[in-house]
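First the structure, in the form of structure tokens, and then the observations on it.
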Amino acid sequence: MTATIIDGKAIAAAVRAEIEAAVAARRARGLRQPGLAVVLVGDDPASDVYVRAKARQTVEVGMLSFEHRLPATATEQDILDLVARLNADEKVDGILVQLPLPPGIDAQRVLCAIVPDKDVDGFHPQNAGRLALGLPGFVPCTPLGCIRLLASVKTDLAGLHAVVVGRSNIVGKPMAQLLLAKDCTVTMAHSRTIALPEVCRQADILVAAVGRPEMIRGAWLKPGAIVLDVGINRLPPDAGTGKARLVGDVAFEEARRVAGAITPVPGGVGPMTIACLLQNTLTSAERQDRAA
Ligand code: GUN
């Protein structure tokens, strides 16, 4: 068997096209452009790449992009002051503080300072709590993207056994909540799980979000399983080709021979994250209009 490859790049482009049309329709009705503020502290190269991509795609769908860069020497108070200004700015519908923050900054304190109505990352305790209770709120973008990718291959997930490997606040925990809301039977596995290959082999849906290159092998999969690979791991340059390689948490070439459907890395889950961030920003603008 060869798995269906889930084309995240194409699905993300379709989501962005829907958002672009919705933003254009808003403007035609005389409503303002949604605005997204992104805060980057320091000069982490990977974060710089993400922040640039976010700003570019925000503008491409017709929204306003506000990019704020603070030096690595910025204090926690500097960041909190900027967040307070963005909270009060009527042109800003969404605020994203890029993680990781430099050492010495209390990231949780910064995330808690973002007003929950503009927390398009869904990291504020109020939004995390809302998700756990099944109440409307902002859902973190990567798990939201995963749900959209799942919907592209299977509409009814009721009763399926989903195994989420990884228990981060950004991916693993919210992913488990969303799968539960879709009536899956959910197992949360992590680095301390005993007999992880056997646990994974029970999965109809496997979500890998551990950050360990190619840890999940083909032999760990149930034949026909749907595999979502959230990992983005940069391997050092190959001795032969001299090229650096990007791999997921799943050994793709092995897994595609066993799985029913699988996301590639790159071009799977990754592109969906920014598309869902723009979706959350549009939702925020629509909510602010209704509240006005
Ligand atoms: N760093 C890596 N992923 C994310 C994300 O989804 N949001 C933020 N704010 N920072 C990140």
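Ligands are counted one by one from 1 in listed order, and the atoms in each one are counted from 1 as well. For the single chain, residues carry numbers from 1 onward in sequence order. Every value quoted in this text rests on a predicted model; they were computed, and no experiment measured them.
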Is a donor on one side and an acceptor on the other found under 3.5 Å between the side chain of N280 and the backbone of V120? yes
Under-4.0 Å salt bridge between R69 and E67: yes
Give yes if a backbone or side-chain nitrogen or oxygen of P100 is under 3.5 Å from a nitrogen or oxygen of ligand 1, and no if not. no
Of I147, T142, T281, L144, which meets side chain to side chain contact (heavy atoms under 4.5 Å, CB included) against C276? L144
Using a 4.0 Å heavy-atom cut-off, which part of L99 comes near ligand 1: side chain, backbone, both, or neither? both
Is the terminal nitrogen or CZ of R130 (NZ for Lys, CZ for Arg) located under 6.0 angstrom from the six-membered ring centre of F138 and within 45° of that ring's axis? no
Shortest non-hydrogen contact from L180 toward V186: N-CG2, 3.7 Å
Pair K222 + D204: basic N to acidic O under 4.0 Å: yes
Decide whether an N or O pair under 3.5 Å exists between Q98 and ligand 1. yes
Please determine whether any non-hydrogen atom of F123 lies less than 4.0 Å from an atom of ligand 1. yes
Looking only at non-hydrogen atoms, which of I232, I114, D121 approaches atom 5 (C) of ligand 1 most closely? D121
Which part of L277 is near ligand 1, with near meaning a heavy atom under 4.0 Å away: side chain, backbone, both or neither? neither
Does atom 3 (N) of ligand 1 have a protein heavy-atom neighbour under 4.0 Å away? no
If the cut-off is 4.0 Å to any non-hydrogen atom of V97, which atoms of ligand 1 fall inside it? 8 (C), 9 (N)
